[in-house]
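Heads up, the thing below is written out as structure tokens.
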Amino acid sequence: MIQPTTALLAVADFNDARLDEDEIVAFAASGATVVGEPGTWQPSPTGDEWEAHSGDHGDEELLVALRPQLPRPPQVMGGQWGAVVTSQPVPADPDADSSMPAFVHAARHDPARTLREVQAKRLFMQSWRQLIAEVDSEPVSERKQLLAGIRHGLDQVAFRIAAAHHKHPDYQPEWPL
């Protein structure tokens with residue numbers, strides 16, 4: 001089903017606002033290891049690297065290296081490295097769930113990666129907005145129909161980007177999946 005322009009622009013605005021939120025949170029979590037202006041953040045040349053680490057005694061950590069490619073010396077917990085989150089085994093409950101899957105997930109989705117994903121999605125949203133405007137203003141019916149078909153496929157991508165935030169209070173349940 002072809003959506004009216006106003007509905008598409010509402011989804012675009014919703015997605016842009018979520019990208020703004022993701023960018024703010026990722027920058028705050030980066031410890032200033034990204035540089036630039038909002039909307040154009042780049043990893044700092046001295047960057048950071050996040051990793052999940054299991055110790056010899058069952059302890060689990062989410063660590064942030066404040067310099068890229070700097071191996072963590074086993075005896076160093078401060079300085080260039082710091083434990084962001086640490087989890088110790090529970091002796092009374094050997095079947096307790098490990099924190100490692102959550103730590104690996106956090107390390108995989110570090111602030112620099114999140115900011116790169118925000119940039120990619122912003123580029124998509126910008127191109128999609130341009131296509132919405134082009135379809136609306138195209139006077140030649142055959143070209144308009146062709147552009148509308150292309151836009152319809154991209155509409156689906158934009159709606160799925162929005163659906164990732166379906167629990168947000170501004171999400172509209174009537175938006176198609």
Side-chain angles (χ1 to χ4, degrees), residues 7-55 59-74 76-88 97-133 151 153-173 175-177:
L8 298 178
L9 293 177
V11 171
D13 290 344
F14 176 84
N15 284 340
D16 287 343
R18 301 302 70 77
L19 292 173
D20 290 346
E21 293 167 357
D22 288 349
E23 182 177 69
I24 289 166
V25 170
F27 182 71
S30 76
T33 58
V34 293
V35 295
E37 298 299 320
T40 60
W41 301 117
Q42 297 292 324
S44 169
T46 56
D48 69 357
E49 292 182 357
W50 291 46
E51 76 174 44
H53 173 76
S54 290
D59 55 324
E60 300 169 337
E61 305 166 318
L62 173 62
L63 301 166
V64 176
L66 300 178
R67 288 208 205 129
Q69 307 303 322
L70 182 66
R72 176 183 179 266
V76 175
M77 287 303 295
Q80 300 300 332
W81 285 87
V84 175
V85 179
T86 302
S87 174
Q88 298 291 328
D97 289 338
S98 167
S99 299
M100 191 53 72
F103 291 170
V104 169
H105 176 76
R108 183 176 175 92
H109 295 277
D110 69 28
R113 175 182 171 164
T114 298
L115 292 169
R116 287 189 300 273
E117 289 178 359
V118 165
Q119 286 179 328
K121 289 176 183 176
R122 279 194 201 284
L123 180 61
F124 168 80
M125 296 307 298
Q126 192 175 49
S127 299
W128 184 55
R129 281 181 184 271
Q130 290 171 347
L131 186 56
I132 291 168
R151 195 206 69 202
L154 297 181
D155 294 352
Q156 302 312 303
V157 174
F159 281 117
R160 281 171 176 75
I161 291 171
H165 302 279
H166 69 278
K167 292 183 180 181
H168 191 280
D170 295 338
Y171 181 79
Q172 303 299 311
W175 289 339
L177 292 179

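No hydrogens, no waters, no symmetry mates; every other heavy atom, side chains included, goes into these values.
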More than 12 heavy atoms of other groups within 6.0 Å of His105 NE2
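Counting neighbours around NE2 of His105, 12 or fewer heavy atoms of other residues, nucleotides or ligands fall under 6.0 Å, so no.
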Give the minimum heavy-atom separation between [X] and [Y], together with the two atoms involved.
X	Y	answer
Ala7	Trp175	O-NE1, 4.5 Å
Leu154	Phe124	O-CZ, 3.5 Å
Ala26	Pro111	O-CB, 3.2 Å

Can you list everything that forms a ring-ring contact (aromatic ring centres under 6.0 Å, His included) with His166? Sequence neighbours excluded, please.
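Scan of His166 (ring-ring contact (aromatic ring centres under 6.0 Å, His included), adjacent residues dropped) gives none.
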Per the salt bridge (Lys or Arg N to Asp or Glu O under 4.0 Å) rule, what does the pair list look like for residues 9-20, sequence neighbours excluded?
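Matches after skipping sequence neighbours: Asp13-Arg129, Asp16-Arg129, Arg18-Glu21, Asp20-Arg122.
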Within the 4.5 Å heavy-atom criterion, are [X] and [Y] side-chain neighbours or not?
X	Y	result
Phe14	His165	yes
Leu123	Gln119	no
Trp128	Val157	no
Leu8	Phe159	yes
Lys121	Asp22	no

Checking Asn15 side chain against Ala158 main chain: does a donor-acceptor pair fall under 3.5 Å?
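Looks like yes, one N/O pair under 3.5 Å.
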